[in-house]
Each structure stands twice: as structure tokens, then as C-alpha cells.
Amino acid sequence: MKTLELVDINKTFYTELGELEVLKDINFSINEGEIVAIVGPSGSGKSTLLNIISNLIEPTSGKLVVNGEIGYMFQRDHLFNWRTVWKNVLLGLEITKNNDKNNEDRIKDLLNKYGLIDFINNYPQELSGGMRQRIALIRTLATNPSILLLDEPFSALDYQTRINVSNDIYKIIKDQNVSTLLVTHDISEAIAMADRIIVLSHRPAKLKEIIEINMNADITPIEKRKSSKFSYYFDKIWGLLNE
């Protein structure tokens with residue numbers, strides 16, 4: 001089942017200096033439980049695309065079909081330092097007034113399953129950057145979204161931490177079977193995490209190619225990086241981005 005579909009999405013911004021065409025005729029869909037990554041040159045409109053999908057901005061034209069609720073995880077974790085981990089994780093449920101016992105028990109199960117339950121009374125500033133990102137993901141999943149939007153979620157982490165955290169995040173997403181759209185500038189990260197990769201052109205961004213990543217979905221992102229196919233996909237995407 002398709003959880004997300006974009007049909008002929010266009011976006012033009014109008015300013016005092018004139019028109020700025022950012023997206024042109026973008027078409028793709030995401031299936032249930034699938035991870036799709038978007039890569040493209042800097043300034044090609046990747047974040048604009050996420051903002052359209054999350055209804056933060058409207059497309060100039062085109063059709064957007066969303067089947068279910070959307071969870072949006074930004075570049076920074078945006079945890080509140082004056083709230084404990086538990087209070088941070090409950091935030092979305094408090095806002096939607098869904099913080100009943102069943103939902104709280106479900107979140108505790110998630111925190112326990114992914115090794116975070118012992119830290120619920122800690123404050124964010126007491127945690128490592130990687131742990132903060134895992135907490136931020138659990139907070140996003142707390143509202144039980146069908147579609148997860150990840151905007152450069154590991155960019156603030158050092159290289160070693162981001163590889164380990166991407167491994168953990170991948171496991172959580174696959175375990176929860178959440179359809180995910182990942183925006184990243186890191187080609188290796190996209191290959192390691194995604195089932196398919198959408199390659200965008202320079203602005204105005206057009207869809208250059210959608211690449212199927214034919215590696216065993218049961219292996220981890222770290223294991224995928226060791227695959228003999230990894231360099232093939234990297235070279236292919238690198239070539240498309242530099243045409």
C-alpha cells in the first residue's frame with residue numbers, strides 16, 4: 001500500500017526580486033514500511049519538498065496524497081533541557097491530548113526495547129548526542145505516525161557516532177514498519193539506509209533517477225557499507241550528481 005504519493009509537484013517562490021522556481025514536476029511514491037532517501041545538490045529543494053509533504057508550505061501546483069499521520073524529525077533534536085527524557089517523549093501526546101495510559105505504556109515498551117528506559121528521569125544535557133537522537137526518534141514515533149520525515153537527522157553528530165546512530169535508527173524504523181523519507185547530503189548514508197534513492201538535479205529540482213538498492217534488507221547499514229555492491233551504487237549516484 002502506498003502511504004505517500006506526489007504527482008507533478010511544482011514549487012515557485014515569489015519575491016521582490018522575481019520568481020524562484022525550486023521544484024519542477026516531482027513524481028514519486030513510498031510504500032508501507034519502505035525507507036526512501038533523497039539526495040541532490042545543495043540548494044536543490046530537498047527540505048522544501050519535506051516542508052510541502054508536512055503541510056508547512058503548499059506546492060504551487062500538483063497533487064499530494066498522504067495516507068496516515070506524519071512525524072517530522074529535524075536536523076537538531078529539539079529536546080527541551082528543562083524537561084526530563086520522559087517528559088520530552090510525552091510532548092507530542094500532550095499536545096494532541098492523547099497521553100492516556102495505553103499510549104504511555106506503549107512508549108515505555110519502546111524505550112525499554114531500545115535500551116533507553118533507564119534514562120527516563122535524566123535531562124537531555126546529561127545524554128550523549130547519539131542518545132539524544134534516539135530519544136528524539138522515540139518522541140516522534142510516540143504519536144504513532146504512518147510516515148516519518150527525516151531531515152539530515154545525523155548531520156550534527158561526529159562521523160563515528162552518526163554511523164552507530166544511523167544503525168540504531170534503521171533498526172527502530174524497520175522494527176516499527178514506518179514508511180520513511182530521509183533527506184541527506186551523505187551518499188553513503190543514503191545507500192546504507194534506503195530501499196530506494198531519489199536523485200534530484202540542480203535547481204529547479206527535477207527527478208533525475210530513482211535507484212533501487214538491491215541489498216539484503218535484513219542486514220544493518222554498517223554491514224551494507226561492507227557489501228561489494230556499495231561502491232557501485234556510490235559511483236552511480238556520484239556520477240548523477242555531477243553531470
Side-chain angles (χ1 to χ4, degrees), residues 1-9 23 25-42 44-47 49-50 53 65-68 70-71 73 114 133 137 141 145-155 157 159-160 162-202 205-243:
M1 184 184 82
K2 293 178 181 178
T3 52
L4 177 68
E5 185 173 15
L6 285 77
V7 181
D8 295 332
I9 293 292
L23 302 173
D25 299 328
I26 302 296
N27 292 273
F28 68 86
S29 61
I30 299 179
N31 299 315
E32 185 177 359
E34 184 180 33
I35 299 176
V36 174
I38 297 179
V39 298
S42 180
S44 62
K46 301 183 292 295
S47 292
L49 201 50
L50 287 193
I53 293 168
V65 180
V66 178
N67 293 314
I70 291 176
M73 186 171 163
Y114 301 115
Q133 286 301 95
L137 178 62
L141 294 176
S146 303
I147 305 158
L148 182 63
L149 305 181
L150 303 179
D151 188 4
E152 300 276 9
F154 316 120
S155 60
L157 305 175
Y159 183 72
Q160 183 177 352
R162 74 184 289 162
I163 289 179
N164 287 328
V165 171
S166 67
N167 223 47
D168 296 338
I169 298 290
Y170 177 86
K171 183 178 185 300
I172 294 171
I173 290 171
K174 285 299 184 180
D175 281 350
Q176 299 301 310
N177 198 39
V178 183
S179 303
T180 301
L181 186 61
L182 165 68
V183 162
T184 179
H185 68 276
D186 188 327
I187 298 173
S188 296
E189 187 171 272
I191 298 167
M193 292 196 69
D195 301 303
R196 289 187 294 141
I197 297 175
I198 294 168
V199 183
L200 298 179
S201 69
H202 287 278
K206 299 178 183 178
L207 200 156
K208 272 194 152 182
E209 192 168 335
I210 299 179
I211 299 171
E212 299 273 350
I213 303 299
N214 293 313
M215 287 192 276
N216 185 349
D218 294 329
I219 64 175
T220 67
I222 289 177
E223 291 168 328
K224 285 182 181 180
R225 289 173 184 264
K226 301 174 185 176
S227 169
S228 59
K229 295 180 180 179
F230 194 88
S231 60
Y232 163 76
Y233 289 120
F234 188 98
D235 291 343
K236 183 176 178 66
I237 295 167
W238 179 262
L240 287 168
L241 291 175
N242 288 279
E243 283 180 348

Between Tyr114 and Leu137, does a side chain to side chain contact (heavy atoms under 4.5 Å, CB included) hold up when you go through it step by step? CA-CA 11 Å; Tyr114 301 115; Leu137 178 62; over 6 Å; no
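- Residues Ser179 and Glu32 come closest through the heavy atom pair OG-CA, 3.2 Å.
- One distance of note links OG of Ser44 with CG of Leu241; it measures 8.5 Å at 0.5 Å rounding.
- Taking each heavy atom of Lys224 and Ala194 in turn, the nearest pair found is NZ-O, 4.2 Å.
- Atom-to-atom distance recorded for Ile198:CD1 and Lys46:NZ is 12.5 Å, nearest 0.5 angstrom.
- A 4.5 Å side-chain heavy-atom check between Phe28 and Ile38 finds at least one atom pair inside the cut-off.
- Evaluated for a side-chain contact (heavy atoms from CB on, under 4.5 Å) with Tyr170, the options Ile222, Thr220, Ile35 yield exactly one hit, Ile35.
- The side-chain heavy atoms of Ile147 and Ile30, taken from C-beta on, include no pair separated by under 4.5 Å.
- When all heavy atoms are compared, the tightest approach of Val39 to Ala190 is CG1-CB, 3.8 Å.
- To the nearest 0.5 Å, atom OG1 of residue Thr180 and atom CD of residue Glu34 are 9.5 Å apart.
- Taking 4.5 Å as the limit, every side-chain heavy atom of Gln133 sits out of range of all side-chain heavy atoms of Asp168.
- Ile187 has its side chain out of reach of Ile197: every pair of non-hydrogen atoms, C-beta onward, lies at least 4.5 Å apart.
- With a 6.0 Å radius and a threshold of 12 heavy atoms from other residues, nucleotides or ligands, Lys206 has its NZ atom at or below the threshold.
- Residue Ile9 forms a side-chain contact (heavy atoms from CB on, under 4.5 Å) with just one option from Asn27, Leu207, Ile26, and that option is Ile26.
- If you take CG on Asp151 and CE on Met73, they are separated by 10.5 Å, rounding to the nearest 0.5 Å.
- Asp25 CG to Asp8 CG: the interatomic distance, rounded to the nearest 0.5 Å, is 5.5 Å.
- The heavy-atom pair separating Lys2 from Asn31 by the smallest distance is CG-OD1, 3.7 Å.
- Considering only heavy atoms from C-beta on, Leu150 comes within 4.5 Å of Ile173 through its side chain.
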Without placing hydrogens or testing angles, list every side-chain donor-acceptor pair under 3.5 Å for residues 228-237, not counting sequence neighbours.
unit_1, atom_1, unit_2, atom_2, d
Lys229, NZ, Asn214, O, 2.7
Tyr233, OH, Asn214, N, 2.8
Lys236, NZ, Glu209, OE2, 3.3

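- Side-chain contact between Ile70 and Leu4 is absent, with no heavy-atom pair separated by less than 4.5 Å.
- The distance from atom OG of Ser166 to atom NZ of Lys171, rounded to the nearest 0.5 Å, is 14.0 Å.
- Proximity of Val183 to Leu49: side-chain heavy atoms (C-beta onward) are nowhere separated by under 4.5 Å.
- Nearest approach of Ser188 to Arg225, heavy atoms of both residues: CB-NH1, 3.5 Å.
- Summarising the geometry of Met193 relative to Ile169, their closest heavy-atom pair is CE-CG2, 4.4 Å, with the distance given to 0.1 Å.
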